[in-house]
Amino acid sequence: MKIIVCIKQVPDTTEVRIDPVKGTLIRDGVPSILNPDDKSALEEALKIKETLGQDTTVTVITMGPPQAEEILREAMAMGADSAYLLSDRAFAGSDTWATSNAIAAAIKSIDNFDIVFCGRQAIDGDTAQVGPQIAQRLGMAQVTYVQSLKVEGRSIIVDRALEDGYETIEVNTPVLLTAIKELNTPRYMSMNGIFTAFKEKEIKVLGIKDIGLDPALTGLTGSPTQVRKSFTPEPKGKGEMLTGSVKEMSDQLVIKLKQKHLI
Ligand SMILES: Cc1cc2nc3c(=O)[nH]c(=O)nc-3n(C[C@H](O)[C@H](O)[C@H](O)COP(=O)(O)OP(=O)(O)OC[C@H]3O[C@@H](n4cnc5c(N)ncnc54)[C@H](O)[C@@H]3O)c2cc1C
């Protein structure tokens, strides 16, 4: 079985701060990490490889600047077999549409994969759009919010998280799955893995020409969405606690809503 995992380098924070003047993300002083959901996706791919044996390969891919190589080496130190860095000026300024165009074209140019794994969402962009968009571009079935899975031949039995429970879905490969952190506890890099990943293993760099993508479909020109303004919302005023019986509290609430002309 051939598995590819899409991983993204993100700032190590859930509190993304915005430069009030430039309207861009403040990255200075914020270390970068492998996006947490992507780590779970990678862990699951490695577990499948351990179960099915050495015929199974795990490839990782990221689209980003040259420093995104760090997370590819981390992934190989965890156990991934090979790594691709999708990096070219032509990809700069991509929104999720343009990002998934580039990643899908890259995946197609590398091999036919049985499973494409993504995280549910990246902690910086937070849109959860890229995984489903890649599936669409590759014409693959997709199951999002995967919280557990079992491989049975060409079939995969997946528990997919819902707000108030889960649903079990059986799907055939090829399929794209998006992982949530409940799926597993990712392993640490091994000492031997660190040595080979950082000293011996090669990272293949792909540019736009290597993946045969029309430049009009990626980067700023290929991005139908443009950010007009980014800002940090004003902190909300202090909340007010209502006290008393349920009836007293609802009476007070109705009065307050009427005072604000909300009802
Ligand atoms: C309207 C808009 C405009 C934007 N404009 C710009 C811009 O001008 N410049 C800029 O640098 N960024 C820009 N971005 C951010 C950029 O589009 C996103 O970082 C990127 O598309 C990923 O989206 P996301 O972070 O929401 O990922 P999600 O959709 O939340 O990610 C889901 C999963 O997809 C996979 N994935 C996502 N991104 C990558 C990646 N790069 N490599 C490998 N796997 C990945 C991962 O498995 C991840 O867990 C913009 C985003 C939006 C929404």
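Counting convention: from 1, in listed order, for ligands and their atoms alike. We use all heavy atoms of the structure for the numbers below, so side chains are in, but hydrogens, waters and symmetry mates are not.
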_Can you tell me which residue among D37, D124, D126 is in a salt bridge (Lys or Arg N to Asp or Glu O under 4.0 Å) with K8?_
D124

*Contact atoms of ligand 1, heavy-atom distance to Q129 under 4.0 Å*: 29 (O)

*asked:* Looking only at protein heavy atoms, which one is nearest to atom 33 (C) of ligand 1, and what is the separation?
replied: G119 O, 3.3 Å

*4.0 Å heavy-atom contact, Q9 with ligand 1*: no

_Closest approach of any protein heavy atom to atom 3 (C) of ligand 1, naming residue and atom_ = V227 CG2, 3.5 Å

Side-chain atoms of residues 203-217: list all donor-acceptor pairs with protein atoms under 3.5 Å, sequence neighbours left out, distances to 0.1 Å.
residue, atom, partner, partner atom, Å
D210, OD2, G207, N, 2.7
D214, OD1, A216, N, 2.9

*asked:* One residue to check: D124. Relative to ligand 1, which of side chain, backbone, both or neither has a non-hydrogen atom less than 4.0 Å away?
replied: side chain

*Contact partition for C118 relative to ligand 1, non-hydrogen atoms under 4.0 Å*: both

*Enumerate the atoms of ligand 1 whose separation from the nearest heavy atom of T96 is less than 4.0 angstrom.*
17 (O), 21 (O), 23 (O)

*4.0 Å protein heavy-atom contact status of atom 11 (O) of ligand 1, strictly under*: no

*Any side-chain donor paired with an acceptor under 3.5 Å for E44 and N184?*
yes

*Could you check atom 31 (O) of ligand 1 against the protein and tell me its nearest heavy-atom contact, residue, atom and distance included?*
A122 N, 3.5 Å

*Are the side chains of I3 and T59 in touch, meaning some heavy atoms are under 4.5 Å apart?*
no

*Ion pair E69/R73, N-O distance below 4.0 Å*: yes

_Sidechain N-carboxylate O distance under 4.0 Å for E50, K47_ = no

_Interfacing atoms of ligand 1 (cut-off 4.0 Å, heavy-atom, C6)_ = 44 (N), 46 (C), 47 (O)

*Can you tell me how far NZ of K181 sits from OG of S40, rounded to the nearest 0.5 angstrom?*
8.5 Å

*asked:* For atom 43 (C) of ligand 1, what is the closest protein heavy atom, and at what distance to 0.1 Å?
replied: I7 O, 3.0 Å

*To which protein heavy atom is atom 42 (N) of ligand 1 closest, and what is the distance rounded to 0.1 Å?*
M63 N, 3.0 Å

*Among the heavy atoms of G64, does any lie under 4.0 Å from an atom of ligand 1?*
no

*N/O to N/O below 3.5 Å, does that happen between T99 and ligand 1?*
yes

*Heavy-atom check, side chain of I134 versus side chain of I107, under 4.5 Å*: yes

*Part of D37 within contact of ligand 1 (heavy atoms, under 4.0 Å)*: neither

_For N35, the ligand 1 atoms whose distance to one of its heavy atoms is below 4.0 Å_ = 49 (O)

*List the atom of L183, the atom of L149, and the distance in Å for their closest heavy-atom pair.*
CD1-N, 4.3 Å

*For atom 18 (C) of ligand 1, which protein heavy atom lies nearest, and how many Å away is it?*
K8 NZ, 3.9 Å

_Distance-only donor-acceptor check, side chains N101 and T218, under 3.5 Å_ = no

*May I ask you to say whether D114 pairs ionically with K2, meaning some side-chain N is under 4.0 Å from a carboxylate O?*
no

*Measure Q226 to ligand 1 on non-hydrogen atoms and call it side chain, backbone, both or neither using the 4.0 Å cut-off.*
neither

*Record the part of D38 in heavy-atom contact with ligand 1 below 4.0 Å; permitted values are side chain, backbone, both and neither.*
side chain

*asked:* Among all the protein's non-hydrogen atoms, which is closest to atom 9 (N) of ligand 1, and how far away is it?
replied: G93 CA, 3.5 Å

*Got a salt bridge between E182 and R120, using NZ or NE/NH1/NH2 to carboxylate O under 4.0 Å?*
no

*asked:* Show me which atoms of ligand 1 lie under 4.0 Å from any heavy atom of R120.
replied: 32 (C)

*Atom pair CG (D159) and NZ (K150), whose distance is rounded to the nearest 0.5 Å*: 9.0 Å

*Select the closest option to atom 5 (N) of ligand 1 among S223, S94, S87, judged by heavy-atom distance.*
S94

_I need the nearest protein heavy-atom contact for atom 26 (O) of ligand 1: residue, atom name and distance, please._
T127 OG1, 2.5 Å

*Side-chain donor-acceptor contact under 3.5 Å, T57 with D81*: no

Quiz: residues 250-260 side-chain donor-acceptor pairs under 3.5 angstrom, not counting sequence neighbours:
residue, atom, partner, partner atom, Å
S250, OG, V246, O, 2.7
S250, OG, K247, O, 3.1
D251, OD1, K247, NZ, 3.4
D251, OD2, K247, NZ, 2.8
Q252, NE2, T243, O, 3.0
K256, NZ, E240, OE2, 3.1

*Give the single entry among V130, T62, V116, I103 that approaches atom 29 (O) of ligand 1 most closely by any heavy atom.*
V130

_V10, portion touching ligand 1 at heavy-atom distance under 4.0 Å_ = neither

*Shortest reach to atom 28 (P) of ligand 1 by a heavy atom, considering only A41, A128, G125*: A128

